[in-house]
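In what follows, every chain begins at residue 1, and chains take the letters A, B, ... in the order their sequences are listed. What's counted below: heavy atoms across the whole structure, side chains too, no hydrogens, waters or symmetry copies.
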Number of protein chains: 2
Amino acid sequence: MPKIEDVAAKAGVSVTTVSRVLNNRGYISQATRDKVAQAMKELNYQPNEMARSLFRKKSNMIGLIIPTVSHPFFSELVYHLEYYADQKGYKVLLCNSNRDISKERKYIDMLKKNQVDAIVMGSNVQDVKHYLNLNLPIISFDRTVANNIPIVTSDNYTGGRLASRLLVDKGCRKLAHISGGVGGPNHAALLASKRFQGFRDELPDTGIEHVSLELEITGLGDKRNVDELVRFFQEHPDADGVFATSDVLAALVIQACHQLKKTIPQEMKIIGYDDVGIASLVWPRLTSIRQPIREMSECAIELIAKLLQGEEVSMINSFPVTLIQRDTT
Amino acid sequence: MPKIEDVAAKAGVSVTTVSRVLNNRGYISQATRDKVAQAMKELNYQPNEMARSLFRKKSNMIGLIIPTVSHPFFSELVYHLEYYADQKGYKVLLCNSNRDISKERKYIDMLKKNQVDAIVMGSNVQDVKHYLNLNLPIISFDRTVANNIPIVTSDNYTGGRLASRLLVDKGCRKLAHISGGVGGPNHAALLASKRFQGFRDELPDTGIEHVSLELEITGLGDKRNVDELVRFFQEHPDADGVFATSDVLAALVIQACHQLKKTIPQEMKIIGYDDVGIASLVWPRLTSIRQPIREMSECAIELIAKLLQGEEVSMINSFPVTLIQRDTT
DNA sequence: AATGATGTGTCAACCGGTTGACACTAAGGG
DNA sequence: CCCTTAGTGTCAACCGGTTGACACATCATT
């Protein structure tokens, strides 16, 4: 690995001059600039970003903590976050917490030790204290944390209402609400619980009843998930509409319906949430509530960029959701 | 951010002593050890890993370049890679290249500048030269690069044969081979082309003919992909067996079949590849060739750990694939 | 009493790059 | 001819932590 000294020697200038070229400061003639550039090229020189970061006290790295990238919602989220981070010159350190609080804490410490400039939390955030005296920007994705931590979310409440309303409008008489997440249950801090709220608030004056099941997802391909759904629907044979809080859950519901020989959407209408890729890869294609993941990711990165420049940002950044009608309703 | 100096002051010892405690070298009494630990706790001190890395010339970071995490194969891969990396104390810098060669190059440079200890390439690797004079370990995932770069792969050839054989055994008379990837076509360097080879090698003595389609996947949810498949099957109405080189493609084939009112598996048998989560989330549940992604990821990280300790490693690390029979065959 | 292991401190160099202070030269303008 | 601006160099300090050399204790052994 060549160092700045080697470049200086090869170009026949001083280290300071090379640094000046590198950082574009002070007076430098075009001739010197060229000589230095030439030397760099010949040596295939790349400045050591660690050394620069150390001096600047800025690493241009952001840490990303999520439950697991293997869930399609997070994999799409991570994709877009990385894209926009890269656009702004940030690198992404990825951490899968599996919603394990102790692992989450370890990751936070690790990220801090490694001098990330900011952290995006897409995982649970339970013990708030741990995050407050971290003197670096944190932004939270779809989770409430504390009122001094900016949050990016989408309109979960309206999402829930839209889902209910659609099922009601399509003539459903008894609804089922299926929730659950990979790697542990969803807690109240998770804003997704507002979906349930919205879902229920749409029902009172319709006289439509609803039942609810919280699934403890064990792994995407695990047949036990479907089995539990089948049992649930056997207990509630009159349920004719399902709101699943993620498309993955909705896909499992579809499987349960097939197993129970219920036709979709005739005997059972299903609506999912997120509108990730899988929604249009299952059959029938899934009606879903779309979260604008790309836009939310872009917003998250912009928030970070602003925070790092000391600008004020709004604490709550909520995006509208849209109903995507396909073939399950 | 407290520094080692502050800890020394608070504990009433010298910086050297703190460093000795931190790194467990030389003689230190238990009393001092405790005093220092206490001071660290009180100050909430975390050693600056950048500074340490700079001195040690080892960052414990590994770079990961893949086409896109949003594809389920890669999202599962990344999940496991990060898991095992973390186990061994490595952090993961994630890069989505979208199979764009210039972006790939930029990422490689970026990772080098940022002093990653090693790179895992799960993306295309086309201009070999660029990677050879990188004086850091690279390992390649399921792609051939150069004979001095270790590679982790699975037995694609056998995978192809297993798929063919199953379709033949199940009585198919005309097979279709569907390939294609997200973000650009698959090239010869991609070992997945061996799947096609294996697929074909199983056919000659059976007298079964086959046709092939390379799809240019535009995005998971894009309906045009299905339309193209529908057209293809209309051109080949007698095709009754499909080998898709990924489960995502197989899911699209299922959609095309539904659209064409072909029953699965009676009129059309389908087998996918990878056996990622989606394989058991579609209906009918997909028969697939399973790649042991977890084991492959573990191997990749172990290879890196060995390379970083200067140990010799085997250049080709191929894992067996297994046929997972479900309901599409 | 000499020896050696243990425990801690001081000091300086180093990792690779950045920056400010300052000196010096050459060229151009008024 | 003086002044300013451009262009480059030298030097040292700094980012935060690590390490080796060396000095100087203390304490237990022999």
Undergrad: For DNA chain D, which residues of residues 2-9 of chain A approach it to below 4.0 angstrom with any heavy atom?
TA: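 Nucleic-acid contacts, sorted: none.
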Undergrad: Distance criterion of 3.5 Å, no angle test: do you see the side chain of A/Arg25 paired donor-to-acceptor with the base of C/dG20?
TA: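 No such pair is found, so the answer is no.
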Undergrad: Is it true that the side chains of B/Gln115 and B/Ser59 contain a donor and an acceptor less than 3.5 Å apart?
TA: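 No, no side-chain donor-acceptor contact under 3.5 Å.
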Undergrad: Carefully, step by step, assess B/Leu22 and B/Tyr45 under the rule side-chain contact (heavy atoms from CB on, under 4.5 Å).
TA: CA-CA 11 Å; B/Leu22 233 37; B/Tyr45 171 77; 4.0 Å; yes
Undergrad: Whole angstrom is fine here: how far is it from CG in B/Leu22 over to C1' in D/dT18?
TA: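 Rounded to the whole Å, the gap is 10 Å.
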Undergrad: What bend angle does the helix from C/dA1-D/dT30 to C/dG30-D/dC1 show across its length, from five-pair end axes and to the nearest 10 degrees?
TA: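 Both end axes considered, the difference amounts to 40°.
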Undergrad: Using distance alone, with no hydrogens and no angle criterion, decide if B/Tyr79 and A/Asn98 have a side-chain donor and acceptor under 3.5 Å apart.
TA: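 On atom types as modelled, these side chains qualify, holding a pair under 3.5 Å.
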Undergrad: Below the 4.0 Å mark, does D/dG9 have OP1 or OP2 next to a side-chain nitrogen or oxygen of A/Thr17?
TA: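 So the side chain of A/Thr17 is within the cut-off, an N or O lying under 4.0 Å from OP1 or OP2 of D/dG9.
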Undergrad: My understanding is that only residues two or more places apart in sequence, or in another chain, count here; which of them pass side-chain hydrogen bond (donor to acceptor under 3.5 Å, both in side chains) with A/Lys113?
TA: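 Partners of A/Lys113 by the side-chain hydrogen bond (donor to acceptor under 3.5 Å, both in side chains) criterion come out as none, since no residue qualifies.
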Undergrad: Do A/Asn114 and B/Lys91 have a side chain donor and acceptor closer than 3.5 Å?
TA: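 Yes.
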Undergrad: Calculate the interatomic distance between B/Lys112 atom NZ and C/dG16 atom P; express it in whole Å.
TA: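 Value for this atom pair: 14 Å.
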Undergrad: Among all residues two or more places apart in sequence or in another chain, which pass the salt bridge (Lys or Arg N to Asp or Glu O under 4.0 Å) test with A/Glu302?
TA: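 For A/Glu302, no residue satisfies salt bridge (Lys or Arg N to Asp or Glu O under 4.0 Å) once neighbours in sequence are set aside.
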Undergrad: Can you check the B/Met50 CE to D/dT18 C1' distance for me, whole Å?
TA: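 In whole Å, D/dT18 C1' and B/Met50 CE are 17 Å from each other.
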Undergrad: Which pairs, protein N/O on one side and nucleotides 11-14 of chain D N/O on the other, fall under 3.5 Å?
TA:
residue : atom : partner : partner atom : Å
D/dC11  : N4   : A/Thr16 : OG1          : 3.3

Undergrad: Tell me every residue that passes salt bridge (Lys or Arg N to Asp or Glu O under 4.0 Å) with B/Arg294, counting only those two or more places apart in sequence or in another chain.
TA: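 Testing B/Arg294 for salt bridge (Lys or Arg N to Asp or Glu O under 4.0 Å), a comparison that skips the adjacent residues, returns B/Glu298.
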Undergrad: Determine which pairs satisfy salt bridge (charged side-chain N to carboxylate O under 4.0 Å, His left out) with at least one residue from residues 39-67 of chain A, sequence neighbours left out, and list them in order.
TA: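 Those involving residues 39-67 of chain A are A/Lys10-A/Glu42, A/Glu49-A/Arg52, A/Lys58-A/Asp117.
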Undergrad: For D/dT18, does OP1 or OP2 lie under 4.0 Å from any side-chain N or O of B/Asn23?
TA: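 So the side-chain polar atoms of B/Asn23 do come within 4.0 Å of the phosphate oxygens OP1 or OP2 of D/dT18, strictly under.
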Undergrad: Taking only the side-chain heavy atoms of B/Val15 (C-beta and beyond), determine which of D/dT18, C/dG16, C/dG9 contains the nearest atom.
TA: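 From the listed options, D/dT18 comes nearest.
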Undergrad: Which is true for B/Arg20 with a 4.0 Å heavy-atom rule: it touches a base, it touches only sugar-phosphate, or it touches nothing?
TA: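 Contact class for B/Arg20: base.
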Undergrad: Separation of B/Asn48 atom CG from C/dC15 atom P, in whole Å?
TA: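 Distance, rounded to whole Å: 18 Å.
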Undergrad: Any side-chain N or O of A/Lys57 below 4.0 angstrom from OP1/OP2 of D/dG16?
TA: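 Indeed, a polar side-chain atom of A/Lys57 lies that close.
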Undergrad: Are there any protein N/O atoms within less than 3.5 Å of an N/O atom in nucleotides 25-30 of chain D, and if so, which ones and at what distance?
TA:
none

Undergrad: Excluding sequence neighbours, so at least two apart, what forms side-chain contact (heavy atoms from CB on, under 4.5 Å) with A/Val313?
TA: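 Testing A/Val313 for side-chain contact (heavy atoms from CB on, under 4.5 Å), a comparison that skips the adjacent residues, returns A/Pro150, A/Leu303, A/Lys306, A/Leu307.
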Undergrad: Hey, does the side chain of A/Arg52 come within less than 4.0 Å of C/dG17's phosphate (OP1/OP2), counting only N and O?
TA: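 No, A/Arg52 has no side-chain N/O under 4.0 Å of OP1/OP2 on C/dG17.
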Undergrad: If only side-chain N and O atoms count, and only distance matters, is there a donor-acceptor pair under 3.5 Å linking A/Asp34 with A/Gln30?
TA: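 Present: a donor and an acceptor within the cut-off.
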Undergrad: With nearest nucleotides of DNA chain C determined for A/Tyr45 and B/Gly26 from heavy-atom distances, which residue corresponds to the more 5′ nucleotide?
TA: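 Mapping each residue to its closest nucleotide by heavy atoms, the 5'-most match is B/Gly26.
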Undergrad: Could you go through nucleotides 25-28 of chain C and list every protein N or O atom that sits under 3.5 Å from one of its N or O atoms, giving the distance for each pair?
TA:
none

Undergrad: Check every strand shown and say whether A/Ser19 touches a base, only sugar-phosphate, or nothing at a heavy-atom separation below 4.0 Å.
TA: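 Counting heavy atoms under 4.0 Å across all strands, the contact made by A/Ser19 includes a base.
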Undergrad: Consider only side-chain N and O atoms of A/Thr16 and A/Ser19, and report whether a donor and an acceptor are under 3.5 Å apart.
TA: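 No, no side-chain donor-acceptor pair sits under 3.5 Å.
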Undergrad: Anything under 3.5 Å between a protein N or O and an N or O of nucleotides 4-7 of chain D, put it in a table, one pair a line.
TA:
residue : atom : partner : partner atom : Å
D/dA6   : OP2  : A/Tyr27 : OH           : 2.1

Undergrad: Could you list the residues that satisfy side-chain hydrogen bond (donor to acceptor under 3.5 Å, both in side chains) with B/Asp6, not counting sequence neighbours?
TA: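 Result, side-chain hydrogen bond (donor to acceptor under 3.5 Å, both in side chains) vs B/Asp6: none returned.
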Undergrad: A/Arg56 has an atom CZ; how far is it from atom P of C/dG16, in whole Å?
TA: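 Nearest whole value for this atom pair: 17 Å.
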Undergrad: Distance only, no hydrogens: is a donor on one side chain within 3.5 Å (strictly under) of an acceptor on the other, for A/Ser97 and A/Asp100?
TA: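 There is no such pair (donor and acceptor under 3.5 Å, judged by atom type) between the side chains of A/Ser97 and A/Asp100.
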Undergrad: Does any donor atom in the side chain of B/Gln291 or B/Ser154 lie under 3.5 Å from an acceptor atom in the other side chain?
TA: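 Yes, because at least one side-chain N or O of B/Gln291 sits under 3.5 Å from a partner of the opposite role on B/Ser154.
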Undergrad: Write down the distance between CD (A/Gln46) and P (C/dG17), rounded to a whole number of angstrom.
TA: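 After rounding, the reported distance stands at 11 Å.
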Undergrad: Report which part of the nucleic acid B/Val18 touches: base, sugar-phosphate, or nothing (heavy-atom distance under 4.0 Å, all strands).
TA: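 Nothing: the residue B/Val18, judged by heavy atoms under 4.0 Å, touches no strand.
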